[in-house]
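A short write-up of the structure that comes next.
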Amino acid sequence: MSEINITWPDNSRGTFPGGTTIKDAIGSWKPDVLSSTVAAKVDGSPVDLGVRLEKDAVVEPIDVATKEGLGILRHSTSHVMAQAVQDTFPGAKVTIGPSIEEGFYYDFECETTFTPEDLQKIEKRMQEITATDSTFSRREISREEAVALFKEKGESYKVELINDLPPDVETVSLYSQGGYVDLCRGPHLPSTQMIKAFTLLKVAGAYWRGDEHNKMLQRIYGTCFATQEALDDYLRMIEEAKKRDHRRLGRELDLFQLNDEAGPGLIIFHPKGMMLRYIIEEWERKEHLKRGYDMVMGPQILKVDLWKRSGHFDHYRENMYFTEVDEQGYGIKPMNCLAHMLIYKSKIRSYRDLPLRYFELGTVHRHEKTGVLHGLLRARQFTQDDAHILCTPDQLNSEILAIADFVAYAMKIFGFEYEVELSTRPENSIGSDADWDLATSALEGALKDSRMVYEINEGDGAFYGPKIDFKIKDALKRKWQCATIQCDFTLPERFDLSYIGSDGEKHRPVMLHRVILGAIERFMGVLIEHHAGAFPVWLSPVQASILTVTEKHIPHGEKVYQQLLDAGVRVEKSFSNEKLGYKIREAQMQKTPYMLVIGDREMAEDAVSPRQRDGNNLGSMSVTDFINIIQERNRNYQ
RNA sequence: GCCGAUGUAGCUCAGCUGGUAGAGCAGCUGAUUCGUAAUCAGCAGGUCAGCGGUUCAAAUCCGCUCAUCGGCUCCA
């Protein structure tokens with residue numbers, strides 16, 4: 001019998017008889033590793049532990065604790081769930097069931113709708129299956145055989161999946177465990193017994209193949225971890241994250257409300273929410289002016305004819321609100337670009353004027369579908385920190401780089417990590433292929449020049465041009481688009497924008513649409529969750545609260561209040577007839593950064609004693625010293 | 001828009017198989033004058049989301065509508 005050489009990750013080598021399974025090989029290399037190994041990479045490709053090694057190879061065990069290993073564990077768990085669903089609900093058809101970032105799901109078509117009690121039943125059945133030590137076994141069959149097999153089982157979705165494989169695919173792989181067979185690429189766990197800590201989380205609707213024209217399936221979400229402790233930690237983390245929900249904190253901290261009577265998706269800012277917004281907006285104005293932008297402002301409604309000319313009427317109408325006055329139709333703006341173009345067109349422009357950067361904190365209305373509204377993160381009226389840059393094609397690259405730089409700076413100031421995506425031409429779009437290519441390569445070129453890591457999002461661009469999106473995450477790690485840079489050759493064309501070049505001829509400028517924070521509302525929503533409502537001092541709507549110990553300290557409290565107000569500190573009085581402990585608790589729950597205690601001692605010394613919200617007591621200090629602390633933090637964005 | 005769940009006082013929630021609503025916190029009034037996360041007592045708060053139906057009787061059962069929540073699709 002021939003022998004093979006295996007190279008392990010630590011570069012040690014072992015010699016085994018040909019045909020040894022990976023499992024046996026690992027078992028003899030390091031037996032203790034085997035119990036947490038879900039699969040292995042052979043020469044870089046992930047495969048099952050049951051695979052027999054026939055030639056020399058580099059073998060790397062995949063541990064369940066790694067991201068990849070956890071993915072395999074979860075994927076196998078989704079197969080077990082599919083089995084449990086079909087055992088519990090005969091006639092349920094399976095579709096697809098991948099592992100995802102925080103767990104797994106499987107989509108089913110089933111006559112009966114799954115209730116939360118049904119999830120318990122399914123989970124119970126899964127426990128029975130995972131207790132039995134069924135092996136996951138792989139086999140490959142021809143696609144014809146596979147089609148016949150799944151047809152016979154009545155699994156029409158699997159048949160569709162196989163039929164849609166590229167023509168050069170001749171065989172497909174099947175995995176089975178405990179009599180349940182599924183079409184799958186693998187790899188999978190060696191046995192169901194490795195599945196120890198899982199739970200089903202929720203049922204939701206999901207369209208077959210993510211297309212809303214298709215049938216809606218029932219998706220069951222679940223998650224699975226290597227150990228019960230890890231699962232418990234995860235569930236606890238989810239509970240903690242719910243406490244950071246901006247909608248909850250919005251009420252608790254009295255920042256804003258969403259009110260049925262006003263209308264869904266319409267935000268009403270309360271004094272503290274408006275203060276936070278004001279601070280952000282002032283920061284925006286200052287930073288834009290520093291970067292050579294001009295502030296402008298357009299009207300809320302513009303004649304319908306203008307929206308027809310821009311293409312919005314044909315491509316965006318279902319998201320727009322309309323009104324009619326004096327038999328004249330108006331569209332309420334869903335975007336700010338039209339007025340900016342009219343500003344550009346108000347006189348003849350020279351190449352010497354370019355780039356022109358028009359900035360507007362532009363409030364827009366979009367008729368979002370009811371099911372997508374989500375507090376501040378998805379509203380029907382919101383304000384974008386919008387700008388339109390009109391430049392020559394030569395200036396495109398440096399302008400895009402400058403915007404990317406601005407975004408990076410903003411994210412640093414506000415403390416966010418972000419992900420970058422390049423979105424390309426969608427189906428419902430306007431403009432020539434040549435312009436789209438030019439625009440797309442301009443964006444991609446800038447991304448490469450700035451060495452940003454990015455993903456490509458095919459067909460996800462705006463109807464008038466491709467875009468770079470920057471996404472940040474909320475408390476539950478859901479991604480929200482904030483900054484975006486969109487490159488547009490089409491609107492300048494439609495509005496016949498031009499500039500006179502150095503050659504004395506007319507040329508067409510390029511337009512960049514861009515936002516930095518995105519929508520102020522959405523950004524605030526993510527910001528609230530990011531800080532769990534405990535904003536850094538520079539952003540806190542109330543920076544300090546003055547807490548008197550007894551009634552007789554009120555006059556000194558008033559004096560301090562006035563001094564702080566004069567110095568521009570955002571300060572609040574807590575002079576009520578309550579015990580100090582009560583007032584501290586109140587301020588603490590409002591997450592006020594500083595509580596200034598005023599009692600006999602402070603009165604005698606003409607001082608304040610700041611207590612930080614982390615519980616740290618700074619001791620007695622003069623009001624001036626305290627003002628310096630606040631101003632220092634304002635300056636440094638802390 | 002689609003699938004599912006939910007909707008009781010300002011907030012968090014009780015209210016079983018139908019017999020016309022209850023707690024804690026918040027609020028108000030009074031007492032207390034107090035030193036780093038809740039002082040005590042009293043009072044007041046509800047068209048049980050809305051509309052319609054079944055019933056002698058509906059917060060409770062049924063239907064429709066609206067809104068919210070979790071997903072899907074879409075999006076800043």
Side-chain angles (χ1 to χ4, degrees), chain A residues 105 107 113-116 118-119 201-221 242 245 247-248 251-252 254 257-261 263-265 316 318-319 334-336 362 364 366-380 382-386 423 426 460 462 467 469-472 476 478-484 486 513-523 525-526 547-554 577-589 595-602 609-613 615-617:
Chain A
Y105 68 78
D107 288 348
T113 49
F114 302 140
T115 64
D118 291 336
L119 286 198
L201 297 167
K202 59 199 171 198
V203 208
Y207 299 106
W208 168 235
R209 295 196 149 177
D211 186 334
E212 65 176 321
H213 304 293
N214 287 342
K215 190 175 170 69
M216 181 154 274
L217 308 167
Q218 295 190 70
R219 172 171 299 178
I220 302 179
Y221 283 94
K242 283 181 185 161
D245 189 312
R247 292 163 299 190
R248 177 176 172 159
R251 191 184 52 244
E252 289 175 357
D254 200 11
Q257 65 171 301
L258 286 133
N259 190 316
D260 278 14
E261 290 181 272
Y316 208 73
E318 64 281 9
N319 281 308
M335 297 180 189
N336 302 299
V364 296
R366 296 184 186 176
H367 183 256
E368 300 291 351
K369 291 174 180 174
T370 51
V372 306
L373 300 175
H374 188 96
L376 297 188
L377 300 183
R378 192 79 181 270
R380 283 183 169 165
F382 56 94
T383 300
Q384 298 176 297
D385 58 339
D386 206 0
S423 296
D460 213 29
K467 54 182 189 161
D469 292 329
F470 299 77
K471 301 192 174 181
I472 57 182
L476 285 169
R478 291 177 290 211
K479 285 186 217 168
W480 293 93
Q481 180 183 321
C482 285
T484 178
Q486 310 179 351
H513 307 242
R514 48 104 285 181
V515 290
I516 302 298
L517 304 183
I520 304 294
E521 291 80 358
R522 174 176 288 182
F523 188 75
V526 184
L547 280 51
T548 47
V549 177
T550 74
E551 221 163 37
K552 69 179 178 199
H553 305 117
I554 292 178
N577 181 12
E578 293 287 351
K579 285 186 165 179
L580 183 62
Y582 180 89
K583 296 188 197 183
I584 286 184
R585 180 162 193 274
E586 240 180 356
Q588 201 68 47
M589 293 203 304
M595 288 149 248
L596 306 180
V597 176
I598 304 229
D600 288 343
R601 207 159 50 234
E602 289 73 21
S609 290
R611 174 196 203 271
Q612 294 181 164
R613 67 185 156 202
N616 203 3
N617 201 330

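A, B, ... follow the sequence lines: proteins, then strands. Residue 1 opens every chain. The figures that follow rest on heavy atoms only: side chains count, while hydrogens, waters and symmetry mates do not.
The side chain of A:R251 lies closest to B:rC11, out of B:rC11, B:rG1, B:rU68. With distances taken from any side-chain atom of A:K202 to the nucleotides B:rC2, B:rA76, B:rG71, the minimum falls on B:rG71. In this structure, the nucleotide among B:rU39, B:rU68, B:rC75 sitting nearest to the side chain of A:P264 is B:rU68. If you check B:rU39, B:rA37, B:rA76 against the side chain of A:E578, the one that comes closest is B:rU39. Nearest to the side chain of A:K369, among B:rG1, B:rA37, B:rU39, sits B:rG1. Nearest nucleotide to the side chain of A:V549, out of B:rG35, B:rG1, B:rA67: B:rG35. When distances run from any side-chain atom of A:T550 to the nucleotides B:rU36, B:rU33, B:rA76, the shortest one goes to B:rU33. Distances were taken from every side-chain heavy atom of A:R247 (C-beta onward) to each of B:rC69, B:rG27, B:rU36; the shortest belongs to B:rC69. Listed nucleotides: B:rA38, B:rG1, B:rA37. Nearest to the side chain of A:M589: B:rA37.
Note on A:A206: only backbone sugar-phosphate atoms sit closer than 4.0 angstrom, heavy atoms only; bases stay farther off. Among the heavy atoms of the strands lying under 4.0 Å from A:G581 are primed sugar atoms or P, OP1, OP2 only; no base atom is included. Looking at heavy-atom distances under 4.0 Å, A:G210 makes contact with sugar-phosphate atoms alone, never a base. Residue-level contact check: A:D386 touches neither bases nor backbone, having no heavy atom under 4.0 Å from any strand. Heavy atoms of A:G205 sit under 4.0 angstrom from at least one base atom. Here A:E261 lies out of heavy-atom contact (under 4.0 Å) with every strand. At a threshold of 4.0 angstrom between heavy atoms, the contacts of A:Q481 are confined to the sugar-phosphate backbone, with no base atom among them. Within 4.0 Å of A:R613, counting heavy atoms only, lies no atom of the nucleic acid at all. Counting non-hydrogen atoms under 4.0 angstrom, A:Y105 reaches nothing in the nucleic acid. In this structure, A:Q384 reaches the sugar-phosphate backbone alone: every heavy-atom distance under 4.0 Å involves primed, P, OP1 or OP2 atoms, never a base. Residue contacts shown for A:A483 are absent, as no nucleic acid heavy atom lies under 4.0 Å away. If you check every strand for non-hydrogen atoms under 4.0 Å, A:D460 touches sugar and phosphate atoms only. Residue A:R378 is in base contact, counting any heavy-atom pair closer than 4.0 Å across all strands shown. Across all strands, A:V515 comes closer than 4.0 Å to no nucleic acid atom at all (heavy-atom distances).
Residues A:D118 and A:T113 approach most closely at OD2-O, 3.5 Å, considering heavy atoms. A:A206 approaches A:D107 most closely through the heavy-atom pair CB-OD2, 4.1 Å. Across every non-hydrogen atom of A:M595 and A:A587, the tightest pair is CG-CB, 3.5 Å. Considering all non-hydrogen atoms of both residues, A:E602 and A:S609 come closest at OE2-OG, 2.5 Å. Residues A:Y207 and A:N214 come closest through the heavy atom pair CD2-O, 3.5 Å. Summarising the geometry of A:A483 relative to A:I516, their closest heavy-atom pair is CB-O, 3.0 Å, with the distance given to 0.1 Å.
Atom name C1', nucleotides B:rC34 and B:rG27: the rounded distance is 23 Å, in whole Å. The same atom, C1', is picked in B:rC51 and in B:rU12; the two are 29 Å apart, to the nearest Å. Across the P atoms, B:rG4 and B:rC48 are found 28 Å apart, a figure rounded to whole Å. Taking atom C1' in both B:rG52 and B:rA14, one finds a spacing of 29 Å when rounded to whole Å. Rounded to a whole angstrom, the distance from the C1' atom of B:rA5 to that of B:rA9 is 24 Å. Taking atom P in both B:rU8 and B:rG15, one finds a spacing of 14 Å when rounded to whole Å. Across B:rC2 and B:rC64, the matching P atoms stand 13 Å from one another, rounded to whole Å. Across the C1' atoms, B:rU6 and B:rU65 are found 16 Å apart, a figure rounded to whole Å.
In this structure, A:H553 atom NE2 and B:rC34 atom C1' are separated by 10 Å, rounded to whole Å. Distance A:K579 NZ to B:rC40 C1': 9 Å, rounded to the nearest Å. A:F114 has its CZ atom 12 Å from the P atom of B:rG4, to the nearest Å. Between the CG atom of A:L476 and the C1' atom of B:rG70 there is a distance of 10 Å, rounded to whole Å.
Two residues are said to be in side-chain contact when any heavy atoms from C-beta on lie closer than 4.5 Å; A:R611 and A:N616 fail this criterion.
Phosphate contact (OP1/OP2 of B:rC11, side-chain N/O of A:R248, threshold under 4.0 Å): absent. Residue A:H374 places at least one side-chain N or O under 4.0 Å from the OP1 or OP2 atom of B:rG70. Residue A:R478 places at least one side-chain N or O closer than 4.0 Å to OP1 or OP2 of B:rG70. One finds no side-chain N or O of A:T484 lying less than 4.0 angstrom from the OP1 or OP2 phosphate oxygen of B:rA76. Contact check, A:Y221 against B:rC3: no side-chain N or O comes under 4.0 Å of OP1 or OP2.
As the counterpart of B:rG18, no nucleotide is assigned, since no Watson-Crick or G-U wobble pattern has both distances under 3.5 Å. Here B:rC69 sits opposite B:rG4 as a Watson-Crick or G-U wobble pair (both hydrogen-bonding atom distances under 3.5 Å). Pair check for B:rG42 finds B:rC28; Watson-Crick or G-U wobble, both atom distances under 3.5 Å. Here B:rC74 sits opposite no nucleotide as a Watson-Crick or G-U wobble pair (both hydrogen-bonding atom distances under 3.5 Å). Nucleotide B:rU36 is matched to nothing when pairs are restricted to Watson-Crick or G-U wobble geometry with both distances under 3.5 angstrom. For B:rC61, the paired base is B:rG53 (Watson-Crick or G-U wobble, both distances below 3.5 Å). With both pairing distances under 3.5 Å, B:rA23 is matched to B:rU12 as a Watson-Crick or G-U wobble pair.
One distance of note links CG of A:L258 with NE2 of A:H374; it measures 10.5 Å at 0.5 Å rounding.
Taking the O4'-C1'-N9-C4 or O4'-C1'-N1-C2 dihedral as appropriate, B:rG45 has a value within 90° of 0 and is therefore syn.
An aromatic stacking contact links A:F382 with the base of B:rA76, defined here by ring centres under 5.5 Å apart and ring planes under 30° from parallel.
Not a single donor-acceptor contact under 3.5 angstrom links the side-chain atoms of A:Y207 to the base of B:rG71. Side chain A:R366 to base B:rC74: no donor-acceptor pair is found below 3.5 Å. You won't find any donor-acceptor pair under 3.5 Å spanning the side chain of A:Q257 and the base of B:rG10, going by distance alone.
Closest-nucleotide positions on RNA chain B for A:R380 and A:A204 were compared, and the one nearer the 5' end corresponds to A:A204. With RNA chain B read from its 5' end, the first of the two nearest nucleotides for A:K467 and A:D260 is the one closest to A:D260.
Under the 6.0 Å cut-off for aromatic ring centres, A:H213 and A:W208 do not qualify, their centroids lying 6.0 Å or more apart.
The closest side-chain donor-acceptor pair between A:N336 and A:H513, if any, does not fall under 3.5 angstrom.
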